[in-house]
Amino acid sequence: MDILNWLEGTLGGEFIFTMLVSMIPVVELRGGLPFGVALGLPYPMAFVAAVMGNILPAPFIVVYIRRIFQWMRRKLPRFNGVVDKLENKAHLKGATVNKYKYLGLLLFVGVPLPGTGAWTGSLAAAFLDMPLRKALPSIIAGVVLAGCIMTGLTYLGVNLFTAVMA
């Protein structure tokens, strides 16, 4: 059995696949959770896989992203434009987060809208010099909140689609 068949054809593979999709920037949990349900995972398992996958990169982003950007500026100057865009995005989003501190970070990560989520929230936390031990609980709570919202929206969407197609 090759890896793709395992990822799509077994419960464990579907769980891991959902985690991996939820780790992708921009897609994150908002895409990972419906993806897991579409693969055939039960809602509670899709929720856990998407939440775990979305949280996993957060501590690394908070701790290391500034050093990674510095390294990229020195070693890969062609990507300075990309780094500039990401830093600007973090600073813009950081202004909103900074107003309400950790509650703002939780809500920023937790409301599943374009441009929000664990990746951007972690970037904002890093550029606001929030310590990991204080930022991570807000990010985790925000991801769980986003997971609850997306589970409800996915369930509603699946049931509406099923009713329309029946």
Side-chain angles (χ1 to χ4, degrees), residues 15-37 41-157:
F15 189 90
I16 298 293
F17 206 177
T18 301
M19 280 184 66
L20 292 172
V21 168
S22 299
M23 292 172 75
I24 300 170
V26 182
V27 175
E28 299 191 42
L29 178 140
R30 293 177 298 256
L33 198 143
F35 177 81
V37 170
L41 281 178
Y43 284 90
M45 285 187 76
F47 174 86
V48 170
V51 166
M52 288 174 58
N54 200 200
I55 290 170
L56 202 58
F60 300 101
I61 296 166
V62 173
V63 173
Y64 296 113
I65 197 65
R66 293 175 111 176
R67 288 181 232 170
I68 292 168
F69 283 173
Q70 288 172 350
W71 179 86
M72 286 177 70
R73 286 191 185 285
R74 281 192 320 270
K75 303 288 185 182
L76 304 167
R78 280 182 277 179
F79 291 102
N80 281 351
V82 173
V83 171
D84 289 341
K85 284 181 184 179
L86 290 170
E87 285 180 346
N88 287 337
K89 183 176 184 178
H91 286 294
L92 288 172
K93 304 296 182 178
T96 305
V97 169
N98 199 31
K99 185 175 180 182
Y100 301 103
K101 296 286 181 203
Y102 301 103
L103 177 61
L105 183 59
L106 182 155
L107 293 173
F108 180 79
V109 172
V111 177
L113 295 172
T116 67
W119 278 80
T120 310
S122 298
L123 267 173
F127 281 94
L128 291 171
D129 292 319
M130 293 180 165
L132 180 64
R133 64 182 169 76
K134 290 186 176 181
L136 194 57
S138 295
I139 293 168
I140 291 170
V143 170
V144 170
L145 175 61
C148 291
I149 293 168
M150 286 308 303
T151 299
L153 291 174
T154 302
Y155 182 80
L156 182 64

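Note that CE of M19 is 10.0 Å distant from CD1 of I55, once rounded to the nearest 0.5 Å. Distance check, rounded to the nearest 0.5 Å: CG of L132 to OH of Y64 gives 9.5 Å. Separation of atoms CD1 (I24) and CG (L29) is listed at 12.5 Å; rounding is to 0.5 Å. In this structure, N80 CG and M72 CE are separated by 8.5 Å, a value rounded to the nearest 0.5 Å.
When side chains are defined from C-beta on, L136 does not count as touching V62, because their heavy atoms never get closer than 4.5 Å. Side-chain atoms of Y102 and M130, non-hydrogen and from C-beta on, do get closer than 4.5 Å to each other. Here the side chains of Y43 and T154 are in contact, with some heavy-atom distance below 4.5 Å. Taking the side chain as every heavy atom from C-beta outward, V109 and V143 approach each other to under 4.5 Å. Contact of the M52 side chain with the F15 side chain is registered, since non-hydrogen atoms from C-beta on lie closer than 4.5 Å. Within the 4.5 Å cutoff, the side chain of T116 has heavy atoms near those of the R30 side chain. Looking at heavy atoms from C-beta onward, W71 lies in side-chain contact with L76 at the 4.5 angstrom threshold. Contact of the L107 side chain with the L103 side chain is registered, since non-hydrogen atoms from C-beta on lie closer than 4.5 Å.
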For this session: Apply side-chain contact (heavy atoms from CB on, under 4.5 Å) to the pair R66 and D129, showing each step before the final yes or no.
Result: CA-CA 10 Å; R66 293 175 111 176; D129 292 319; 2.4 Å; yes
For this session: List the steps, then state whether side-chain contact (heavy atoms from CB on, under 4.5 Å) holds for F60 with I65.
Result: CA-CA 7 Å; F60 300 101; I65 197 65; over 6 Å; no
For this session: For side-chain contact (heavy atoms from CB on, under 4.5 Å), just list the numbers for L123 and F69, CA-CA rounded to whole Å, side-chain angles, deciding distance to a tenth of an Å, and then say yes or no.
Result: CA-CA 11 Å; L123 267 173; F69 283 173; 4.1 Å; yes
Exercise. So V21 and T18, side-chain contact (heavy atoms from CB on, under 4.5 Å) or not? Walk me through it.
Worked result: CA-CA 5 Å; V21 168; T18 301; 5.9 Å; no
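Here the closest non-hydrogen pair linking P137 and R133 is CD-O, 3.3 Å. The heavy-atom pair separating A118 from S122 by the smallest distance is O-OG, 2.7 Å. Nearest heavy-atom pair across M150 and P34 is CE-CG, 4.1 Å. The two residues L105 and A135 come nearest to each other via the heavy atoms CD2-O, 3.7 Å. Summarising the geometry of D84 relative to R73, their closest heavy-atom pair is OD1-NH2, 2.5 Å, with the distance given to 0.1 Å. Closest approach of L33 to F47, counting heavy atoms only: CD1-CA, 3.7 Å.
Aromatic rings of Y100 and F108 (six-membered ring for Trp) have centroids beyond the 6.0 Å cut-off, not under it.
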